[in-house]
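One structure below.
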Amino acid sequence: MHKNLPNFFIFLDQYNSEILKNKNINIGVIYRNYSDRKREIQLQKIVSVCKKNRFQLYISNDIKLVHRYKADGLYIPSFNKTKNFDNLDRKNITILGSAHNQKEIQRKIQQKCVAIFLSPLFQIEKAKRFLGLHKFNYLSKTSKVKILPLGGISEKNI
């Protein structure tokens, strides 16, 4: 079926050698660059580091790149509302997603996500609203899939 999910995730928009120097092998790297023309050059560097360090790699919103680079899975952002990810389960590709509310959580469940990043947990600069601990706990307990916190988490509030 699916591989075990990593304990930690790193979201990358571009290659960053400092972040990828971590020696913990229980890391998942989510590459989510949508606009850079040099996207695949960045991705090739990330793929080689992930294979070398045995990190799990998830590529955002592009099934063709997932297959081409033999990534561990697909990451579906909250703005992706398509439902055509049913056949990936049979190809041993793990699907992760992100959501901001209960309606988006249900959409990610329909898209066959095995885990959903729910954000923002705490207040951040670019968002007017945040969930807070109580609402996050409520949404994570009422869901059938694994819910992971994202956004605004720091050393002060962890």
Check: In Å and rounded to the nearest 0.5 Å, what is the CD1 to NE2 distance from Ile59 to His67?
Finding: 10.5 Å
Note to self: Taking the side chain as everything from C-beta on, heavy atoms only, tell me whether Tyr31 gets closer than 4.5 Å to Leu65.
What the structure shows: no
Notebook entry, point to check: With sequence neighbours left out, what residues match Gln42 under side chain to side chain donor-acceptor pair (under 3.5 Å)?
Noted result: none
Checklist line | Rounded distance (nearest 0.5 Å) linking atom CD1 of Ile27 with atom CD1 of Ile10 | finding: 4.5 Å
Item checked: Considering all heavy atoms, the nearest Asn101-Leu118 contact -> N-CD1, 4.1 Å
Notebook entry, point to check: Has the side chain of Gln111 got a donor or acceptor atom that lies under 3.5 Å from a matching backbone atom of Asn80?
Noted result: yes
Note to self: Could you check whether any side-chain N or O of Gln56 sits under 3.5 Å from a backbone N or O of Phe9, counting only pairs where one atom can act as donor and the other as acceptor?
What the structure shows: no
Margin query: So which atom in Ile93 and which in Leu74 form the shortest heavy-atom distance, rounded to 0.1 Å?
Written below: CG2-N, 3.9 Å
Next item on the list: Kindly write out the residues that satisfy side chain to side chain donor-acceptor pair (under 3.5 Å) with Tyr75, not counting sequence neighbours, or none if the list is empty.
Entry: Ser98
Note to self: Working to the nearest 0.5 angstrom, can you tell me the gap between Asn61 CG and Asn33 CG?
What the structure shows: 12.0 Å
Next item on the list: Begin from the C-alpha positions of Val49 and Tyr15 and carry the test side-chain contact (heavy atoms from CB on, under 4.5 Å) through to its verdict.
Entry: CA-CA 10 Å; Val49 171; Tyr15 176 77; 3.8 Å; yes
Next item on the list: Of all the heavy-atom pairs spanning Leu5 and Asn26, show the shortest one and how long it is.
Entry: O-OD1, 4.1 Å
Next item on the list: Quick one: list whatever passes side chain to side chain donor-acceptor pair (under 3.5 Å) with Gln106, sequence neighbours left out.
Entry: none
Checklist line | Backbone N/O of Tyr58 and side chain of Asp72: donor-acceptor pair under 3.5 Å | finding: no
Next item on the list: Provide the full list of salt bridge (Lys or Arg N to Asp or Glu O under 4.0 Å) pairs with a residue in residues 96-109, sequence neighbours left out, each pair given once.
Entry: none
Checklist line | Residue pairs passing the salt bridge (Lys or Arg N to Asp or Glu O under 4.0 Å) test where at least one lies in residues 9-20, sequence neighbours excluded | finding: Glu18-Lys21
Checklist line | ILVMFWY network linking Ile41 to Val66, side-chain heavy atoms under 4.5 angstrom | finding: no
Notebook entry, point to check: Does the side chain of Val145 reach to within under 4.5 Å of the side chain of Cys113, using non-hydrogen atoms?
Noted result: no
Check: Going by heavy atoms in the side chains, are Tyr69 and Ile46 under 4.5 Å from each other?
Finding: no
Margin query: Show me the pairs that pass salt bridge (Lys or Arg N to Asp or Glu O under 4.0 Å) and involve residues 45-62, at least two apart or across chains.
Written below: Arg39-Asp62
Note to self: A side-chain contact here means heavy atoms from C-beta on lying under 4.5 Å apart; do Leu96 and Val114 qualify?
What the structure shows: yes
Notebook entry, point to check: CD1 of Ile105 to NE2 of His100: how many Å apart, nearest 0.5 Å?
Noted result: 10.5 Å
